[in-house]
Amino acid sequence: MTAFARRVQQRSTLARHASGAVLALAALYVLTTAAGPYRDLQIAQAAYLTCAVAGLTVLTGLGGQISLGHGAFMAVGAYTAALVIGHWGWPLAAVLPAAAGATALAGAVVGAVAARLHGPYLAGATLAFAVGLPGLANYKPLTGVLGGQNGLTIVPPVPPAALGETFPLERWQAWICCLGAVATLFLLANLTRGRFGRTLRASRDDEIAAALSGVRVARLRIAATVVSAACAGLAGGLLALVATLAAPGAFPLTLSLQLIAAIVIGGLGSLAGAMWGALILVYVPTWAADLSSSSGLSHNIASNLPLAVYGLVLIAVTLAFPRGVQGGLRDIGGAVRRRARGRRDRAPGSRGPAPSDTSGPTTTHAGGADEATPDDAGARPDDRGDAGGRGERLRR
Amino acid sequence: MKRPRTMRALALTTAATLAVAASGCGGDGGGGGSAAPGVTATTVTIGSHQPLTGPAAPGYSANSAASKAFFDYVNANGGVHGRKIVYKYVDDAYNPTQTVSVTQKLVLQDKVFAIFNGLGTPTHSKVVDYLNAQRVPDLFVASGCGCWDQPGKHPQTFGWQVDYIREGKILGDHVKKAYAGRKVAYFFQNDDFGQDGVKGLDKYIPKDQVVSRQSYQPGSTDIGAQAQAIAQSKADVVVLFSIPTYTALFRLAALKLNYKPTFVVSNVGSDPITLTGLLESFAKKGGSEVEGSPLIQGMVTDGYLAAPGDASNSWTALFKKIHAQYIPKLPFNGNIVYGMSVAYTFAQALQAAGKNPTRKGVVEALEKSRFTGPGVVPFAYGADSHAGYTGAVIGTVKGQNVVPQGQPLTTDDGDGPIQPYTTPQPQAPANGIPAAG
């Protein structure tokens, strides 16, 4: 491929992502305007979780580095937002970059440690980070600054006067979060499509081979952690604006584990999957809570039921879609397209069932379904859920 | 091979389930027609956030069940102005972040008329601004923080129980008089709850008498270091501003250290039946057997409601009757009396708001009210005060009861004096339902 052709292709990728982002913003505008205030809040929650899950997708799905500490990164972002609003009264346009920036710094520190660790050691280190960091709020010398268990209260973002007197706060919060989510997905899609994403995948699949071909693996992993942390920090800042609160209770260990679960459910390594994961994180527990509160069970059972239902959904989804929701959708899309093509060619039997008969996902799948759509451009055919596992095997 | 097809079927069903899940939690409509949100011709819907799980659940999770039982009783007897009270209480696990999200849901999705008896200082303080901005009556917060009494800033919010500054003053006065010259230590929850209590204590107990001040954060159950520090200070009296879980943890830690001071415990952390249960279950978890009841005998505390053990009290008799009918499985203790008493006050407020209650109307009615009820002291409600009960009576734990000592005392949350309150407690209405006005 000539340099010119490559440049044209890059341009078109950028244009494709940009038009996708604009389309997404338009759709979200319609959705948030039509929805009531409570729905708007849920959209806002799904949006900020999308940021965090998408960031984790880059680190874990593409980079093969596991992180059980992303809840703690979100806490850094939330507290940064609370502190700069509380002490200096910064405008929103500065608060969110500050949250992302401060968390990126934290990511650089954690990343420098994590780049030298693998598998269970890495999981352990990041787990310690997730458990320990929110505890800082209760550390005596810091309780004055961080507000202890009570946390820091944030003044909710006031909708600009230009939108009218009666413009609902919830819709404004949803807009801020949706903008954050679309911007994050747009930037990550471009980033993972380019050299960064390619080398990241290479170092995930075979570290030694990547190093031999000139990739500086440790530096790359630190960069991936920084990018991923910045996304989580932005998510934390947005969370603080929606909850109007930064408190350690918002960032328990379960949050970090739920983020991992979300990337697995959504589809490891696919940015569109991150969105599915975030939606499930928001909607399944609320739905389960509604179900259990209307079922007339004793409150001991009713208040624990949502978690149980969430677990069941997790099991069902991983059983049904071993490669996550996005992988499943692609399979279904592929199957439909193949069937349509088969009917058109009038050549049933010989070719049709073959791909689905090969056990599990392999790269011999027909290409049609794997064409990157604007919103999952980070996912290439080699981004199957088994890729990380294969890398793991090769490394040993 | 059949598996792929089964898998695909399973996949489709799951996808369908998820789609239903996503669409099933909508339903913003409804309501319409009536003047106030949550009010229809036949019902008034109210909501609350309660710790049904988490660190504050032991003991407090019974409050809302008791309120529910009282409302069921009122509904079975015709309701208030012909309307039944629908009480939705949701778990926030005593976690402020969850409080915010469940309260938003109650206000925006369930469109409740008022938030009733939201429990906890660290939790409720995170939704006060929100509720006032949305103009939702925020009635009878289940916390004695002085911060609920700001009619200028938070016109919708009303306290109910005696606030922790008043309570601290009354306990401090008692400690000063009964244990003059002895060494005193504080053990308190490190938030507005404990800090307000300490503020009240410090108004009476001389500074040089206090030898140790230790605090805890709710959530962490390790209080060994604090207990050790207090035991080493050799204080003769330990004053606890703690929720029941931490009262029990501290009592067990003292037992382990063979430290035997006099315990003075704030009302919220001193219910004998709750403590007995907690002491036994915590000890069991730690691998030892103790009998809870002997450990709390002689504990000094205070109260402002009918004592659960006082069978001659007409309020206790009424609540026992409702308890036996609706929630016989829960132990009849201070939390049950609390939950039913506060529900009684809500029914009173709804009566006072008139035949067509509005959010504004109920707030105005409360500011004009002169409610009497299950309390031994009067409320402070007025246009310039949204504080609840104005005092308490000192009591001692004997058996499973708190036995009152002396007269009820009233005071303010500033530097005002502590005065005895001599008006006797009124009798409960015969049918158990508050009269209009």
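Since the structure is predicted, the reported quantities are computational estimates derived from the model, not experimental observations.
Within residues 121-134 of chain B, the residues approaching chain A closer than 4.5 Å by heavy atoms are, in numerical order, B:Pro122, B:Lys126, B:Tyr130, B:Gln134.
To the nearest 0.5 Å, atom OG1 of residue B:Thr97 and atom CZ of residue A:Phe251 are 7.0 Å apart.
More than 12 non-hydrogen atoms from other residues, nucleotides or ligands lie less than 6.0 angstrom from NZ of B:Lys105. When the shell of 6.0 Å around CH2 of B:Trp148 is examined, it contains more than 12 heavy atoms from other residues, nucleotides or ligands.
With sequence neighbours excluded, no residue forms a side-chain hydrogen bond (donor to acceptor under 3.5 Å, both in side chains) with B:Asp192.
The contact between B:Asn95 and chain A is made entirely by side chain atoms (from C-beta outward), counting heavy-atom distances below 4.5 Å. Using a 4.5 Å cut-off between heavy atoms, B:Gln104 touches chain A through backbone and side chain atoms alike. Only the backbone of A:Val242 comes within contact range of chain B, with heavy atoms under 4.5 Å apart.
Top candidate by heavy-atom pairs under 4.5 Å with chain B, chosen from A:Pro248, A:Gly151, A:Ala250, A:Ala247, is A:Ala250.
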